[in-house]
Amino acid sequence: MTLATRFAPSPTGRLHLGHALSALQAHDFARAHGGRFLLRIEDIDGTRSRPEHVAGIVQDLRWLGLIWDGEPVLQSARLPLYQAALDRLKRDGLTYPCFCTRADIAREIAESGQAPHDAAPVYPGTCRGLDARGRMHEPHAWRLDMAAAVDRAGPLAWTDLDAGPIAADPLAQGDVVLARKDAPTSYHLAVTVDDAAQGITHVIRGEDLFAATHIHRLLQALLGLPTPLYRHHKLLTGPDGKRLAKRTGAPSLAELREGGADPAALIEQLRSIPPRRGEGEHAQLPRELL
Ligand code: GLU
């Protein structure tokens with residue numbers, strides 16, 4: 001099978017240097033191995049995704065010279081595939097409908113004594129075992145019954161190119177959402193289906209998604225899909241040592257372009273950052289870009 005990597009941005013804003021590093025990592029890995037570099041637009045979030053941001057992503061990547069193979073794939077055009085995957089998990093008895101609002105979940109978590117400042121509090125399972133007959137006309141999400149799913153799949157592992165073999169431990173993530181109230185799929189389900197459908201052999205993405213890989217490995221097993229190899233690169237941090245983000249003032253690639261930045265020099269600087277997990281605390285922005 002031909003080696004293939006992907007860059008999978010969500011078009012909810014303009015790309016910044018953190019995205020550029022991620023795209024570059026996936027691009028260079030593919031090119032170094034004679035493989036394919038694919039672009040997937042993760043636009044399932046109908047309220048936050050914008051067509052102008054899709055156009056912006058294309059423009060920014062072209063400006064950087066990171067050219068992908070084939071046509072970009074849009075997740076919004078693939079909803080029946082995610083539905084089929086969800087139906088299979090439903091048929092296997094591994095899902096349940098969830099009627100909770102965000103406020104319900106926050107209250108439950110507070111009452112259960114789970115530390116409220118936990119970065120990603122786990123869903124407390126309120127709707128698991130609920131008799132939902134007569135309520136299915138109400139807005140609801142679908143959740144994975146994680147304990148049942150882990151039981152069904154048995155022990156699983158995946159390989160991280162930097163960290164080596166990792167035992168999958170998705171239980172810690174709780175009953176994750178597979179289909180949202182406002183979208184017929186979730187990030188976890190769509191990404192798992194698409195990485196397989198696009199023949200992705202190496203998933204190269206930021207270390208903020210390391211925990212998600214445990215879930216994706218489980219979904220692969222439940223759906224009979226192959227498991228790629230993974231690399232989770234360091235996230236780019238700004239002068240304050242915090243992860244780059246648009247809301248904390250990271251310049252967008254569009255702003256850098258408009259300010260006259262040289263894309264070739266920028267790429268060279270990004271290439272000089274040691275991006276692997278375990279090598280230093282963060283991938284610091286090169287001085288020239290501060
Ligand atoms: N769409 C996700 C994001 O922009 C990335 C998905 C992935 O690389 O798995 O954060």
Side-chain angles (χ1 to χ4, degrees), residues 4-30 36-51 53-54 56-58 60-61 64 66 68 72-79 81-82 85 119-120 158 160-162 166 168 170 173 176-178 180 183 185-220 223 225-236 243-248 250 252-253 275 277 283:
T5 67
R6 76 331 186 254
F7 176 52
S10 308
T12 54
R14 295 306 302 249
L15 302 185
H16 54 61
L17 284 164
H19 297 110
L21 177 68
S22 217
L24 179 68
Q25 287 277 312
H27 169 273
D28 283 4
F29 192 91
R36 288 159 55 77
F37 170 60
L38 306 180
L39 175 60
R40 183 168 76 227
I41 306 291
E42 304 214 317
D43 59 346
I44 50 167
D45 188 331
T47 51
R48 293 174 63 225
S49 298
R50 298 265 156 73
H53 294 319
V54 177
I57 288 167
V58 165
D60 292 344
L61 292 177
L64 290 171
L66 301 180
W68 57 93
V73 162
L74 268 77
Q75 287 191 324
S76 57
R78 301 165 60 76
L79 300 183
L81 281 172
Y82 313 136
W158 48 277
D160 188 277
L161 292 179
D162 303 315
I166 310 266
Q173 318 284 323
V176 294
V177 171
L178 298 173
R180 295 162 31 158
T185 181
S186 70
Y187 160 66
H188 293 306
L189 188 61
V191 90
T192 304
V193 167
D194 282 342
D195 282 339
Q198 290 188 282
I200 302 301
T201 59
H202 293 69
V203 172
I204 297 180
R205 58 184 175 192
E207 64 180 347
D208 53 326
L209 293 168
F210 191 87
T213 302
H214 292 287
I215 299 165
H216 302 170
R217 177 65 190 92
L218 173 63
L219 290 174
Q220 287 153 9
L223 295 168
L225 301 175
T227 302
L229 296 165
Y230 288 86
R231 163 166 286 163
H232 298 88
H233 63 77
K234 286 264 160 222
L235 299 180
L236 214 47
R243 171 186 179 183
L244 282 197
K246 193 76 188 96
R247 63 177 184 287
T248 54
S252 66
L253 296 176
R277 279 168 68 83

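Just so you know, ligand 1 is whichever comes first in the structure, and atom 1 is the first atom listed for that ligand.
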Q: Considering all heavy atoms of both residues, which atom of E42 and which atom of S49 are nearest to each other, and what is their separation?
A: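 Smallest heavy-atom distance, with atoms named: O-OG, 4.3 Å.
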Q: Any sub-3.5 Å donor-acceptor pair from T201's side-chain atoms to A4's backbone N or O?
A: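 The answer is yes, because a donor-acceptor pair under 3.5 Å joins these two groups.
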Q: R205 and side-chain contact (heavy atoms from CB on, under 4.5 Å): which single residue from F210, F7, Y230 fits?
A: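 Between R205 and the candidates, side-chain contact (heavy atoms from CB on, under 4.5 Å) is satisfied uniquely by Y230.
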Q: Would D160 and R231 pass as an ion pair if we require N to O under 4.0 Å?
A: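 No salt bridge links D160 with R231.
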Q: Give the residue, atom name and distance (to 0.1 Å) of the protein heavy atom nearest atom 3 (C) of ligand 1.
A: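 Protein heavy atom at minimum distance: S10 OG, 3.7 Å.
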Q: Ligand 1 versus V203, non-hydrogen atoms closer than 4.0 Å: side chain, backbone, both, neither?
A: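 Near ligand 1, V203 shows nothing, with every heavy atom at 4.0 Å or more.
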Q: Any carboxylate oxygen within less than 4.0 angstrom of a Lys/Arg side-chain nitrogen, looking at R6 and D194?
A: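 Here R6 does not pair with D194 in a salt bridge, since their nearest N and O are not under 4.0 Å apart.
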Q: Non-hydrogen atoms of F7 versus ligand 1: any pair closer than 4.0 Å?
A: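 False for this residue.
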Q: Should Y187 be counted as touching ligand 1, given the test is an N or O pair under 3.5 Å?
A: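 Min N/O separation from ligand 1 is below 3.5 Å for Y187.
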Q: Within the 4.0 Å heavy-atom shell around V191, which atoms of ligand 1 are there?
A: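 That gives atoms 9 (O) of ligand 1.
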Q: For atom 6 (C) of ligand 1, find the nearest protein heavy atom and state the residue, atom name and distance (0.1 Å precision).
A: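 For this ligand atom, the closest protein heavy atom is E42 OE1, 3.2 Å.
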Q: Enumerate the atoms of ligand 1 whose separation from the nearest heavy atom of R205 is less than 4.0 angstrom.
A: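 Those atoms are 7 (C), 8 (O), 9 (O).
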Q: So is there a nitrogen or oxygen of A8 less than 3.5 Å from a nitrogen or oxygen in ligand 1?
A: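 Yes, at least one N or O pair falls under 3.5 Å.
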Q: I want to know whether H202 and W158 have ring centres closer than 6.0 Å.
A: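 No, too far apart.
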Q: Within the structure, is a non-hydrogen atom of R6 found at a distance of less than 4.0 Å from ligand 1?
A: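 R6: in contact with ligand 1 (<4.0 Å).
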Q: Protein heavy atom under 4.0 angstrom of atom 10 (O) of ligand 1, is there one?
A: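 Answer no: nothing from the protein, no heavy atom, is under 4.0 Å.
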Q: Got a salt bridge between D43 and R50, using NZ or NE/NH1/NH2 to carboxylate O under 4.0 Å?
A: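 Salt bridge flag = no for R50 with D43.
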